[in-house]
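When reading the values below, keep in mind they use all heavy atoms of this one structure, side chains included, and skip hydrogens, waters and symmetry mates. All values derive from a computational prediction rather than experimental measurement.
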Amino acid sequence: MATTWDETYEKLVRAALTDYPPTAPLRADVPLPAHGLDSLGMVGLSARLEDAYGIEFPDGALVPASFATPADLWRVVSGCLADR
């Protein structure tokens, strides 16, 4: 499973964060909820990621823990990519 994400992923995650400095690097451990990702944002972000990557999140992955940090979310996305 890849440990670094691509530009598409970073762009989509950044767009979902309402309170994150646009010039700051998106670190793997940034707490996404602390930067504006709420439950509605999680649903929207998961849909955009599914569309962008042609994947489908498993039901068990649509939980707050999956959206805790960029690294946590990327593990879900890359797992879905590996399962295609």
Would you say [X] and [Y] make side-chain contact, with heavy atoms under 4.5 Å?
{"X": "L26", "Y": "Y20", "answer": "yes"}
{"X": "T18", "Y": "D38", "answer": "no"}
{"X": "P58", "Y": "C80", "answer": "yes"}
{"X": "R48", "Y": "D51", "answer": "no"}
{"X": "W5", "Y": "V77", "answer": "no"}
{"X": "V13", "Y": "L32", "answer": "yes"}
{"X": "S39", "Y": "F67", "answer": "no"}
{"X": "L49", "Y": "F57", "answer": "yes"}

Determine whether a donor-acceptor pair (N or O, by modelled atom type, separation under 3.5 Å) exists between the side chain of [X] and the backbone of [Y].
{"X": "R84", "Y": "Y53", "answer": "yes"}
{"X": "H35", "Y": "L17", "answer": "no"}
{"X": "S66", "Y": "L62", "answer": "no"}
{"X": "R14", "Y": "E10", "answer": "no"}

Heavy-atom neighbours of E50 CD exceed 12 at 6.0 Å = yes
query = With a cut-off of 6.0 Å (strictly less than), are more than 12 heavy atoms of other residues, nucleotides or ligands near CG of D29?
reply = yes
ask   = Does one hydrophobic cluster hold both L73 and V63, with members joined at side-chain heavy-atom distances below 4.5 Å?
value = no
ask   = Mind checking whether L45 and L81 sit in one hydrophobic cluster, side chains of I, L, V, M, F, W, Y counted as touching below 4.5 Å?
value = yes
remark   = Between G41 and L37, the two heavy atoms sitting closest are C-CD1, 3.5 Å
